[in-house]
Amino acid sequence: MTSARPPGRVWAHVGQPFTPGTDPQAPYDVLIIGAGRMGSALALALTEHAPHLKTLLVEEGGLPNEDGATILAPGICTTAHLPESQHDAARWTLERLRALLGDDLQPRPYLILLDQPGPSTQPTRDLLGAHPQSLALLDPEVLPHARAHEAHTYRPGTLAQVAAQSAIRRGTDLLLNTRATPHPGGRVTLERLTVTNTHQVVTHETHTLHAPRIVLATGAHAPAQAEHHLGVHTRHARAYRQTPHLAAPSTEDAPVLHARGLTLRPQHGAYTLIPPIHHRDPHGYAPQGGHLTGVPTGLRRETLEDLVGLMDALPALATSDLHLGRSRADIPGAWLALPHGQPDATPTHDRLDDHTHLLLGGPHADTLGLWTADELAREITGGSRQ
Ligand code: ADP
């Protein structure tokens with residue numbers, strides 16, 4: 001497929017005047033709010049399904065935004081936790097990741113560690129025979145059985161960048177450091193943000209655009225934005241997920257380990273822990289650190305409890321290798337969208353009104369996000385293919 005357009009433009013800062021297209025009121029066919037991996041993937045998919053549509057991708061921060069869910073997502077693509085009905089979409093996503101990331105996509109074993117034998121389990125000691133450093137993390141008496149799956153690991157932040165850059169090469173425009181607010185009737189206000197010399201973020205200028213299609217791809221912010229700005233109530237929710245560091249050594253080919261909902265992802269020669277999400281966080285929840293035997297930690301209480309409960313099975317968690325932090329700022333964490341308010345729901349898209357769609361990634365975005373973005377691109381394109 002060849003692009004019908006010259007490359008798109010990028011406005012990174014307020015010093016570059018924003019001069020969209022020839023029609024100042026409605027210069028774009030599609031306006032995507034949020035350039036995390038979901039918004040960026042949608043922008044790219046639209047250039048492929050409908051190269052005649054002119055798209056603007058708007059992002060409040062940079063690419064990728066340091067505060068978004070994308071940059072801290074585990075980046076593990078695996079069907080290990082998906083029902084058979086989702087496997088085709090996962091395989092499609094994997095092919096697409098291969099095409100976009102090349103060597104940045106790394107195959108790795110993925111082991112689910114169990115206390116009981118089950119279908120296709122093998123002894124943990126056998127499966128980890130070639131990985132003594134992995135075996136040293138756990139107690140094989142407590143987790144004697146394991147099931148091996150395939151996984152591919154990658155950096156979701158790189159995916160967002162590659163997808164957005166490919167979309168720009170095919171004609172998509174990108175407006176960074178700009179907060180977008182959707183309104184009913186296909187109207188969007190854009191506040192171009194700048195930082196004063198006293199480090200305050202302020203609005204430099206405001207623009208109003210109209211577009212026939214608007215997509216809210218703002219991750220965990222999307223449900224509240226739909227409600228506040230469009231008056232559309234959804235059942236989607238969000239949860240604050242922290243991903244603490246475990247300073248135990250890992251090699252390039254170390255398997256991803258998964259035990260009782262906790263995932264240990266080998267990364268940068270050590271491990272990133274991805275704790276289970278049990279439920280949505282209540283409206284108004286402000287992330288805060290917990291206490292372990294009276295000592296303040298940066299880890300939230302629910303995650304601490306999960307890790308303490310796993311210390312028998314994974315003794316490495318009971319050592320000083322686990323970074324508990326002293327306050328929340330010490331532990332990487334991000335708000336994650338929960339489609340339908342469910343911790344195990346797959347990525348989804350909804351129609352909010354005549355003009356606006358919602359695109360949500362959430363906990364399974366690593367494995368299914370690209371598929372769902374492509375599905376929405378096909379829906380938007382439906383009937384308007386060239
Ligand atoms: P996802 O995995 O769904 O892409 P992210 O949280 O990584 O989720 O991405 C959502 C992006 O949307 C973030 O980069 C965030 O900065 C951006 N965003 C959120 N609200 C707005 C807004 N009002 N205007 C522009 N960008 C926004």
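Each ligand, and each atom within it, is numbered from 1 in the order the structure gives. Worth knowing before you read on, the calculation uses all heavy atoms, side chains too, and leaves out hydrogens, waters and symmetry mates. Keep in mind that this is a model prediction, so the values were computed, not measured.
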Q: Once ring pair (Phe, Tyr, Trp, His ring centres under 6.0 Å) is applied, do any residues pair with His279, and if so which ones, sequence neighbours excluded?
A: none

Q: Assess the pair Tyr110 and His152: is the distance between their ring centroids shorter than 6.0 Å?
A: no

Q: Can you tell which of Thr70, Leu42, Thr218, Leu176 gets a heavy atom nearest to atom 7 (O) of ligand 1?
A: Thr70

Q: Over all heavy atoms of both residues, which pair between Thr181 and Glu191 is shortest? Give the atoms and the distance, please.
A: OG1-OE2, 4.3 Å

Q: Can you tell me the protein heavy atom closest to atom 5 (P) of ligand 1 and the distance?
A: Ala69 N, 3.5 Å

Q: State, yes or no, whether a side-chain contact exists between Thr372 and Thr93 at a heavy-atom distance under 4.5 Å.
A: no

Q: What protein heavy atom lies closest to atom 25 (C) of ligand 1? Include the residue and the distance to one decimal.
A: Glu60 N, 3.3 Å

Q: Using the side-chain hydrogen bond (donor to acceptor under 3.5 Å, both in side chains) definition, which of the options His204, Gln16, Glu205 pairs with Arg192?
A: Glu205

Q: Under a plain distance cut-off of 3.5 Å, with no hydrogens placed, do Tyr271 and Asp321 share a side-chain donor-acceptor pair?
A: no

Q: Taking only heavy atoms of Gly68 into account, list the atoms of ligand 1 that are under 4.0 Å away from them.
A: 6 (O), 7 (O)

Q: Test of understanding: given a 4.0 Å heavy-atom threshold, classify the contact between Thr178 and ligand 1 as side chain, backbone, both, or neither.
A: backbone

Q: Looking at ligand 1, does any of its N/O atoms fall within less than 3.5 Å of an N/O of Ala35?
A: no

Q: So, for Arg37 and Tyr154, which heavy atoms are closest and what is the spacing to 0.1 Å?
A: NH1-OH, 3.8 Å

Q: Take every heavy atom of Ala220, measure it against each atom of ligand 1, and state whether any distance is under 4.0 Å.
A: no

Q: Tell me: protein heavy atom nearest atom 12 (O) of ligand 1, and distance?
A: Gly34 CA, 3.3 Å

Q: Checking Gln86 against Leu368 for the side-chain contact (heavy atoms from CB on, under 4.5 Å) test, could you report, in this order, the C-alpha distance in whole Å, the side-chain angles of both residues, the deciding distance, and whether it holds?
A: CA-CA 8 Å; Gln86 301 283 344; Leu368 296 168; 3.7 Å; yes

Q: Taking the minimum heavy-atom distance to atom 15 (C) of ligand 1, which of Arg238, Glu59, His229 ranks first?
A: Glu59

Q: Mind listing the closest non-hydrogen atom pair of Ala41 and Leu370 along with its distance?
A: CB-CD2, 3.5 Å

Q: Check each heavy atom of Ala217 against ligand 1 and say whether those closer than 4.0 Å belong to the side chain, the backbone, both or neither.
A: backbone

Q: What do you reckon, does Arg179 have a nitrogen or oxygen under 3.5 Å from a nitrogen or oxygen of ligand 1?
A: no

Q: Pull out every atom of ligand 1 sitting under 4.0 Å from any heavy atom of Asn65, numbered as shown with elements.
A: 14 (O), 15 (C), 16 (O)

Q: Which ligand 1 atoms are under 4.0 Å away from a heavy-atom of Met38?
A: 1 (P), 2 (O), 3 (O), 4 (O)

Q: Given that the side chain starts at C-beta and the backbone is N, CA, C, O, which of these parts of Arg37 lies under 4.0 Å from ligand 1, counting heavy atoms, or is it both or neither?
A: both

Q: So if I count the atoms of ligand 1 from 1 in the order they appear, which ones are less than 4.0 Å from some heavy atom of Gly36?
A: 4 (O), 7 (O), 9 (O), 11 (C)

Q: Give the atom numbers and elements of ligand 1 that come within less than 4.0 Å of a heavy atom of Ala180.
A: 22 (C), 23 (N), 24 (N), 25 (C)

Q: By the side-chain hydrogen bond (donor to acceptor under 3.5 Å, both in side chains) test, which pairs, at least two apart or in different chains, include something from residues 324-346?
A: Tyr240-Arg328

Q: Do the side chains of Ile380 and Leu46 get nearer than 4.5 Å, heavy atoms only?
A: yes

Q: Taking only heavy atoms of His221 into account, list the atoms of ligand 1 that are under 4.0 Å away from them.
A: 19 (C)

Q: Give the residue, atom name and distance (to 0.1 Å) of the protein heavy atom nearest atom 8 (O) of ligand 1.
A: Gly219 CA, 3.7 Å

Q: Evaluate Ile33 for polar contact with ligand 1, using N/O atom pairs at a separation under 3.5 Å.
A: no

Q: Evaluate the salt bridge (Lys or Arg N to Asp or Glu O under 4.0 Å) criterion for residues Arg300 and Asp281: first the C-alpha distance (whole Å), next the side-chain angles of each, then the deciding distance (0.1 Å), finally the verdict.
A: CA-CA 12 Å; Arg300 60 182 291 181; Asp281 280 323; 2.9 Å; yes

